[in-house]
Amino acid sequence: MFESLELLPPDAIIGLITECRNDPRDPKVDLGIGVYRNAAGETPVLDVVKRAEQRLIDTQASKAYIGSAGPADFNEAMRDLTFAGTVANDRVAMLQTPGGSGSLRVAAGVILRAREDTTVWVSSPTWANHVPLLGGAGLNLKPYAYYDETTKALDLDGMLDSLRGIPKGDIVLLHTCCHNPTGIDPDEAQWRAIADVIVERELLPFVDIAYQGFATDLDADAFLIRELAGRVPEMLVANSCSKNFGLYRDRVGALFVVTADSNARDVVQSQANNVVRTIYSMPPDHGAAVVAMILDDDKLRADWIEELTEMRERLCEMRQLLHDALREEAPDHDFSHLVRAKGMFCFLGVSPEQVSRLKKEHSVYMVDSSRINIAGITADNVGHIARSVAAVL
Ligand code: LMR
């Protein structure tokens, strides 16, 4: 039977982990997959997570099944972190999911049950896995304008024009902060203008918030969600704890579906639970229990915010460091967009051929689009990165 299958190339982002790991050369730099790294180039478990895990081991009395929607304390704490009371609780269906990807996949299942022929509009460009994940689930996808390659900035007019052309009732997927892959986010005034068109055209917003706390802070990064919450009758939100809690492999995410009223909430909740039951039955609990413990304990929560702030500040410093090193090594080229971007990613702005040369000739790894993970930069490797980029320009 399986002889009919073809060998696939490695995943464009995940494949880079192995490729870089297997490269025997020194120095080598992994600017590929989006994981946070500290100044030593490591991704340690957050201190606050270690402490919560220890407390969990000491106090957890059972590992019996919880249910398809996951634990209520996690869902409630994540709902408050996301919406901060801007929507009535009885309008929100909520589920803990296996990571942000699990949240997107469950959302796709619910959308397809509600309206099979709907189209989800995604930014051009968007996260490399949005299209395979949502399209693979069966959704129609189309792009809307977002990024201007020439100015390396938000194409707000193009975006608003695109949104104005979307048929009423279609879904618009938006990255509320730290846009992946460009790092270019609308500011609050621009988000308001975007929300105006969403309201006017009666579009259904689907917000992906995978980096809450990595751009400005936990509240500012949820601005779009809270702005829309008061203005639209329905909305989907996919949140992820992979990055801000460093729980990548534990797979912790959340899906929220804002509905018109509590009756609709009950219906959507039952459908979403059933979607989960037909895919993975129930989500993994360990990471979610850790997150709930941190969010519900004042001291742990304050310590988490401190660690999160440290991560965010390091990203800002590394952007500036790379920008300055490139100005030194390649003075004829403008890399100012690096410091305008927010969060973990931005485009370096070189061609796929140059990306390939960076890999082959200099052991500097990044996604083909030239998306770089800023967290992969350290004071030790920035010189190598900048010299390598200058050499291929
Ligand atoms: C990324 O974009 O690198 C991360 O979101 C990890 C992934 O799954 O692609």
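The chain is numbered in sequence order, starting from 1. Just so you know, ligand 1 is whichever comes first in the structure, and atom 1 is the first atom listed for that ligand.
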At less than 4.0 angstrom from any atom of ligand 1, which residues have a non-hydrogen atom? List them by chain and residue number.
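Within the 4.0 Å shell of ligand 1, which is judged on heavy atoms, sit Ile13, Ile33, Gly34, Trp127, Asn180, Tyr211, Lys243, Phe345, Arg371.
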Mind telling me whether His175 and His130 have parallel, tilted or perpendicular rings, with 30° and 60° as the class edges?
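Aromatic pair His130/His175 classed perpendicular.
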Under the salt bridge (charged side-chain N to carboxylate O under 4.0 Å, His left out) rule, collect the residues that match up with [X], sequence neighbours excluded.
X: Arg357; result: Glu361
X: Arg277; result: none
X: Lys359; result: Glu19

Can you confirm whether or not the ring centre of His179 sits under 6.0 Å from the ring centre of Tyr147?
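Not close enough - the centres of the two rings lie 6.0 Å or further apart.
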Taking the six-membered ring of Phe214, is the NZ or CZ of Arg312 close enough (under 6.0 Å from the centre) and on axis enough (within 45°)?
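Judged by the rule (NZ or CZ under 6.0 Å from the ring centre, within 45° of its axis), Arg312 is not positioned above Phe214.
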